[in-house]
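Working notes, beginning with the structure itself.
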Amino acid sequence: MRQRHFRLTFPARRATRLFKQAGAWLIFGVAAVAGVLIALFGNGDQAQLLFSTCLFVVLAYAWNIISGLSGYVSFGQVGFFGIGAYVAATCQIAWQWDWYLAALGAVLAAVVLALPLGTVMLRLQGIFFALGMFGLSHIGALIATSTPLVGGSMGEPVPIVGSTQETALVMLVCAVGSVLLTAWLLRSPLGLRLLALRDDEKAAEASGVNTNASKVVAFCLSAGLAALAGALYVWNVGFIDPGSAFNNTYELQTILMVLFGGIGTLWGPLLGAVVISLISNALWAQFPQQQQIILGALILIAVIWMPGGLVSLFQRFGWLRRHPVWGPPPMIEAEAPRALFPAAVSSTGEPALRCEEITRRFGGLTALKRVNLEARSGQIAAVIGPNGAGKTTLFNLITGFDRCNGGTIRFGETLLNRLAPYRIARAGIARTFQTCRPFPSLTAWETLLLPALAAGLSKEEAIRAATQMLERLALREQWDASPEGLPPGQLRFLEIGRALMLRPRVLLLDEVMAGMSPEEIHLVHALLREAVAAGCAVVAIEHVVPAIMPIADHVYVLDFGTTIAQGRPDEVLRNPAVIEAYLGTGEEAPVNA
Amino acid sequence: MLQLQTYLLLLLTGIMWGGVYLLMASGLNLIYGVMKVVNLAHGDFIVVAGLLAVSLYGAFRAGPALAIPVATLLFLLVGGLIYRGLLARVETTAPQGELRTLLITFGLSSIISNIALLIWGGQYQSVPFFQSAVHLGALFFPESLLVSSLLAFALAFAVQLWLTRTRSGRLVRATAQSELGAASCGLNTGRIRLLTFALGAAMAGAAGALTVVLIPVQAASGGFMTVQAFTLIALGGLGNYLGALLAAILLGVIEVSSSYFLGASAASAVIYVIFILVLIVRPQGLLGQRGRI
């Protein structure tokens, strides 16, 4: 019954959505053509309005890429506008370059500068990044004011000035280009990585995403776009001075536009930029002095009462939703299913992962003290122990999210101690998290695609592997569901699937079976047996001892950071030390667990 | 000998300026410590209080003795209203809550500074009070600096006493350390946050009304002052009082010596450079976890 219902509605839903997506693009196309007509046949005022609107569209998309898609809100992106303006002006004044060469030079200079700046600044989080960028853009303004090279604090005219119509047309092309760039980003693996790291940077790293590189690329794209706007601005006004190149009002307006339209969306910045440009153009004519006060008030309104922006008003009816990347999953014919795990490289029983004497201290607390652990390929090792025994710390150390104070962790011959988490993940050590860390912006389908692409599969291979995984996890019907809409059990499966998409040699499971129904536990057991048969080494932390004991080959019992017992499951469970750790000796007050 | 005297003068002047900076930053520190909100309008509060003192001086020839209580009370009220009307509507703990509060204060900063521009115009203004020089042995200091820094250290000390020795201060610290924990012990954390924001704004008001005798302000100076204050509390470790004291003295000495050796315009760039270096190298502040509210 459910199947039939699904077959009926599924293509219909898709078709209406495609139709609506096409509708949005159609409106966009009409608006662009109208813009071209204004640029060609409009008077000077209209063309100037078109120019400044398109300028803000470009700035809004520049800001949206770094602050909306990657979630790193910057209060200094206008600094790159200033840099672009200055580089273009210098090229024109000093070397008489043509405007397009100057613009190209400005973009290149901004990207070259953004590369080291982004590498350093993007290590900062949240407000630190936002305010750090604010400081940087002030330093830029100070340098521009104090250098006598291009006009100093008074400014200087620029020799090559385009006609208003000409500049408006070029700016319009750039605005359309920035919309297309964002649309492409949202459909590309890079966009997928950015959305994932915006949602949860650690989970993205665990899925094999080099988050630092992705952020820096986004930062450079954003800087290049802003610099392009700056270069064209100089060409339009024919004058350069620090006050208008590093203009805080531009920053304020840009942020307002994106928030107003809808941050992190495809159409939000466009909608916001056009609406706010028209409003502030009208305000400027009426209340030149109060303009900024009104803009500030609009920011308050947008943030407090309209957190999703204008776009969210449409979104409520399913319009303008982001299109899942390369979806829907294709139907696969009866071909041989792709192996979930790479072919066993070593014979069963060989140690794949070896932790020797690892120690981790947090201040005065020793969370792990000289712990040894071996994961053998083709075997399941269980790690059990009371709360606070150091089990999750152990996983964090192995996967690079935390660093040992002593000891070594080896994967085959590779020393893992200092490798970045994403490298460890790509090398073939996958993990799940104790509490699920899904990506709310990604669909179930995209959540599985992400690690497959990170692990180096081609687009076609990744699509095929992700489709098969959806089938395996019985999630095919929910392929375009947001993780927030999935019940807890399926969310857990999605998390396991995400780890399996890395095709791991070592699989670290952190309490995956907690709270699962017997049927779900059965499915996990089946998956684990398949993993083991393929030569994968499984290490499972479990609280529910009966859930793991039947399939475990080896058991480690941790308590207060040390291994108090290890061996075959039946031996360990009879060990008096283990019984004491779990149940107490009866002579002391029970510890709150 | 003369060299030594110069260095001593630079050091003492630096420490005094440090006191002034501490005063200008302590409201921001309190608000961040308790609410995890960076109030980007903080500098604008200071500027408006300063310009208010200028107007009071112009109208009644009244000095800081009148301006400080007036500005303090006014900003206590303004802070309370801003919290009730705007910040209380956004959950700080929600996803992007921190960002949204930041954007609210960002918008607020633009509103306040531009209203100030409409009222007071864009010229730098100051209150000519405490204009004599005070001799201490062979060294002499501007009276305005001496008075401001003494009051500043006194106020910082008073806040510290309030936080550690009084019942209401303890409640505020409890909320700062764990809002959830405080709420589950039956504290009305909403009211404590209201109190904190109002007090932080009042501290900015007091700082502005006092320091205008020393630092001329204009309507748009607020942004720079916010960055300066944020640099200080970031260097001290956000929300850390002991660290802020240490950072204030350090920044004061650096600023005074860099403007002595490099000139005034370079000194204003130095503050931004320090700011970014602090963010990158030591985001947890000089003292880290120790001395937190």
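Values below: all heavy atoms of this structure, side chains included; hydrogens, waters and symmetry mates excluded. Per chain, numbering begins at 1; letters A, B, ... match sequence-line order. None of the values given here were measured: they were computed from a predicted structure.
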Side chain, backbone, both or neither: which part of B:L118 has a non-hydrogen atom closer than 4.5 Å to chain A? side chain

Could you tell me which portion of B:I112 (side chain, backbone, both or neither) has an atom closer than 4.5 angstrom to a non-hydrogen atom of chain A? neither

Checked B:V227, B:L86, B:L117 vs chain A; the most non-hydrogen pairs under 4.5 Å come from B:L86

By a 4.5 Å heavy-atom criterion (distance strictly below it), what part of [X] contacts chain B: side chain, backbone, both, or neither?
X: A:I255; answer: side chain
X: A:I293; answer: both
X: A:V303; answer: both

Indicate every side-chain donor-acceptor pair of residues 127-143 of chain A with a distance under 3.5 Å to a residue at least two apart or in another chain.
unit_1	atom_1	unit_2	atom_2	d
A:H138	ND1	B:Y272	OH	2.9

Can you tell me how far apart CD (A:Q292) and OG (B:S109) are? Round to the nearest 0.5 Å. 10.0 Å

Do A:L300 and B:I111 have side chains that approach each other closer than 4.5 Å (heavy atoms only, starting at C-beta)? yes

Passing option when A:I304 is tested against B:L87, B:I104, B:L103 for side chain to side chain contact (heavy atoms under 4.5 Å, CB included): B:I104

By side chain to side chain contact (heavy atoms under 4.5 Å, CB included) - contacts of A:F362 (at least two apart): A:R360, A:A367, A:T393, A:D402

Check the surroundings of atom OH in B:Y260: do more than 12 heavy atoms from other residues, nucleotides or ligands lie under 6.0 Å from it? no

